[in-house]
Amino acid sequence: MKTGLVTSDSYKDHDTGPGHPEQIARVSIINENFKKLNNKNILWKRPSIITEDIIKDTHDSNYIDLVKSSFPNKGFSSLDGDTIISPGSKNATFDAVGSIIAAIDGVQNKEFKNAFCSVRPPGHHCNQNKAAGFCILNNVAIGANYLINKYKYNKVAIIDFDVHHGNGTQDIFYNNKNVLFISTHQYPYYPGTGSEKEKGKFNNIYNIPLPAGTNSEEYLNAFEFALKKLEKFQPEFVLISAGFDGHKADPLAQLKLNTNDYYEITKRILKTSKKFCNGKVVSILEGGYDLEALKDSTKRHVDALLEFN
Ligand SMILES: [Zn+2]
C-alpha cells in the first residue's frame, strides 16, 4: 500500500525572519527531494481545511483567539521570544494542523497505509494556552484528540523523537489515560522539562532523557525501552512527533545520531505498531535544522514508512 505525504505551499509564507533556524528552506528541501525521487508509492495530499472545534479540543478558546489576532498585516510579530510570525504564518499554521487531520482521515479511509506530514510551523512545545519554541498550535496533540473524538479510539500513542522534550504535548495529555506520550530527548536541555520523574496521572507519560553526546548505539538501546512501553500500552493508533535535530550535524543540539538511525527508529516503531494497530501510523515534522541532514533523514524515515506499511 501507499504512504501519504501531506503538504502544501503555505509553509513558504511563514516567514520567521533572517537567520532564524526554523526557516522556509527546511520544508522546501524535503519536498523538492521527494519530488525528485518520484516514488510512485508516495501519494501526495493536501491538508484538510479545519474548523475551529477541532482545535478547541486541544487549545483554550482564549488562546486560539489570541493566536488568530496576533498575525501581523505586515512585517513581523512574535508569540514568544523564539516564535516569530508574519502575515503568511496564519495559513501555514492552520495547514500544519490540517495536514495531520488529512493524514489521519487518509489512513482511516484506507487511501494510504501510513503518512508523513511535511509541514511547518512545528507544534510539540506549544501547550493548551502558550506558544513556545517555534510552535504555535500543537499539531500532533490536535491529531490525537481528533482520533479520540472523531474515531473513538481509546488508546493513542505519541512517540516524540525530536531532540527537545515535547513539553507542550506532555502538558496537554498529562491527565489523559487515552494517550501514551513517549519522548526521547537531550536532557538537561531546552525546554528544561522531560525528566523520568514526570510520569503523568495514569503513568501515561514516559520520558527517556539522554545526555549530550549520546551516540547511535546508546540511543537505539534506550529506544528499546520506549518500544516495550508502547507494546505494553497496545496502541490503536500511533502518531510520531518526528524531529530530526538529534542528528549529529544539527546546530541546535548535541546528540550524535546518523541519517540511517531515522530509518531504524521508524522501522522499529512500525514493527511494534503492526502487532497492535495494523501499522496505522501518522508522522509529522517537528525540528531538524541542518538542511542536508534533514533532507536525508526524512528520506530514510519515509523509506521505512514505505517498506513496512
Ligand atoms: Zn527540536
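Whatever order the structure lists ligands and atoms in, that order sets their numbers, starting from 1. It should be emphasised that the depicted structure is a prediction, and the values quoted were computed from it without experimental measurement. Heads up: numbering here begins at 1 and tracks the sequence.
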Heavy-atom count around Phe225 CZ within 6.0 Å, excluding the residue itself: above 12?
-> no
**Prompt:** Is His124 close enough to the Zn ion (ligand 1) to have an N, O or S atom under 2.8 Å?
**Reply:** no
The Zn ion (ligand 1) has as its nearest N, O or S atom from Asp162 the atom OD1
Atom name of the N, O or S atom of His164 nearest to the Zn ion (ligand 1) is ND1
Per residue Asp245, nearest N, O or S atom to the Zn ion (ligand 1) is named OD2
The side-chain hydrogen bond (donor to acceptor under 3.5 Å, both in side chains) partners of Lys275 (sequence neighbours excluded) come to Glu231
| task | Classify the side-chain pair Thr259/Asp296 by whether it contains a donor and acceptor separated by less than 3.5 Å. | result | no
Across all chains, not counting sequence neighbours, the side-chain contact (heavy atoms from CB on, under 4.5 Å) partners of Leu66 are Tyr63, Ser70
Is the closest basic N to carboxylate O distance between Glu22 and Arg120 below 4.0 Å?
yes
Q. Any N/O/S of Glu286 under 2.8 Å from the Zn ion (ligand 1)?
A. no
